[in-house]
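Single-structure report; data block below.
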Amino acid sequence: MTDEQPHHRGDPTVFAADLRADGEPEAEFNPGIAGRLPRKNVAAGALVRDEQGRVLFVDPTYKPFLEIPGGLVEDDESPLAACHREIREELGLDLTLGRLLLVDWMPTHGLWRDSLQLIFDGGTLSPAQVRAIEPAGDELGGFEFLDLAEATPRLRPSKARRVALAHRALLSGETHYGEFGRPAR
């Protein structure tokens, strides 16, 4: 984010009051300790469907697998605000996102550090909303609606598990926690 205010999807007045109520930031008791603490990436995506219940997948130009709409959360940005921003940037849609379906932990893999992957309910698009989708040409080669069985061969195995787990959460009305796309207890 470019300015110094946190970006979130809540009421700005309530958020500002909550921040004031927390008081001044605490000083570092041991100088330098905060810089040595681990950092974790967070990504937020949405399970968006068409009227037939198929899931919206995007085709990124920078990787060989399909993805769901969403992306990395920027510094000082809430996951919900990031998901909303990414969908607007990637698809030109301004969606009202629903409840959190899934929190999934991803281990470090190659150059990517471990992360938390959040998936929100992106709702069901009307035919007019589907026609209004404008994929970001520099980032997406296109989009399509697929059922999970059709999409699975075109997804990383962990992503296929994650999307299936989020879909189960959608149907059950619960929020799930997973690790690398597998339910964790």
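Bear in mind that the values here come from a model prediction, so they are computed numbers and not experimental data.
Here the side chains of Arg156 and Arg162 are not in contact, with every heavy-atom distance at 4.5 Å or above. For the pair Pro135/Ile133, a side-chain contact is recorded, criterion being any heavy-atom separation below 4.5 Å from C-beta on. Inter-residue side-chain proximity for Ile68 and Phe57 is flagged as met; some heavy-atom pair is nearer than 4.5 Å. Using a 4.5 Å cut-off on side-chain heavy atoms (C-beta onward), Ser78 and Val73 make no contact. Proximity of Leu155 to Phe65: side-chain heavy atoms (C-beta onward) are nowhere separated by under 4.5 Å. Side chains of Cys83 and Leu118 form no contact here, defined as non-hydrogen atoms less than 4.5 Å apart. Using a 4.5 Å heavy-atom threshold, the side chains of Asp50 and Thr124 count as separate. Using a 4.5 Å heavy-atom threshold, the side chains of Arg49 and Phe145 count as separate.
With sequence neighbours excluded, no residue forms a salt bridge (Lys or Arg N to Asp or Glu O under 4.0 Å) with Asp59. Scored by the salt bridge (Lys or Arg N to Asp or Glu O under 4.0 Å) test, Glu90 finds no partners at all (sequence neighbours excluded).
A side-chain donor from one of Asp114 and Trp105 sits under 3.5 Å from a side-chain acceptor of the other. Residues Asp104 and His176 bring no donor and acceptor atom of their side chains to less than 3.5 Å of each other.
Heavy atoms only, all atoms of each residue included: Glu89 and Ala136 are closest at O-CB, 3.5 Å.
Tracing side-chain contacts under 4.5 Å through hydrophobic residues (I, L, V, M, F, W, Y), one never reaches Leu116 starting from Leu102; they form parts of separate clusters. Connection of Leu91 to Leu97 is established within a shared hydrophobic cluster, with ILVMFWY side chains joined at heavy-atom distances below 4.5 Å, either directly or through further cluster members. Leu101 and Leu148 fall within a single hydrophobic cluster, where Ile, Leu, Val, Met, Phe, Trp and Tyr side chains are chained together by heavy-atom contacts under 4.5 Å. The hydrophobic clustering, which links ILVMFWY residues whose side-chain heavy atoms are closer than 4.5 Å, places Val48 and Leu140 together. Both Phe143 and Phe120 belong to a common hydrophobic cluster when Ile, Leu, Val, Met, Phe, Trp and Tyr are linked at side-chain heavy-atom distances under 4.5 angstrom.
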Would Leu93 and Leu125 satisfy side chain to side chain contact (heavy atoms under 4.5 Å, CB included), going step by step from the backbone distance to the final call? CA-CA 10 Å; Leu93 296 176; Leu125 299 182; 4.0 Å; yes
Check the pair Met106 / Glu179 against side chain to side chain contact (heavy atoms under 4.5 Å, CB included), numbers first and verdict last. CA-CA 6 Å; Met106 288 270 305; Glu179 293 187 351; over 6 Å; no
Please determine whether side chain to side chain contact (heavy atoms under 4.5 Å, CB included) holds for the pair Arg113 and Lys40, giving the CA-CA distance in whole Å, both sets of side-chain angles, and the decisive distance to 0.1 Å. CA-CA 7 Å; Arg113 67 175 69 160; Lys40 194 176 292 292; 5.7 Å; no
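Side-chain atoms of Ser172 come within 3.5 Å of backbone atoms of Glu174 as a donor-acceptor pair (strictly under, hydrogens ignored). Checked by atom type and distance alone, the side chain of Arg168 never pairs as donor or acceptor with a backbone atom of Val163 at under 3.5 Å.
For the salt bridge (charged side-chain N to carboxylate O under 4.0 Å, His left out) condition, the pairs that include at least one residue of residues 125-151, sequence neighbours left out, are Glu144-Arg154.
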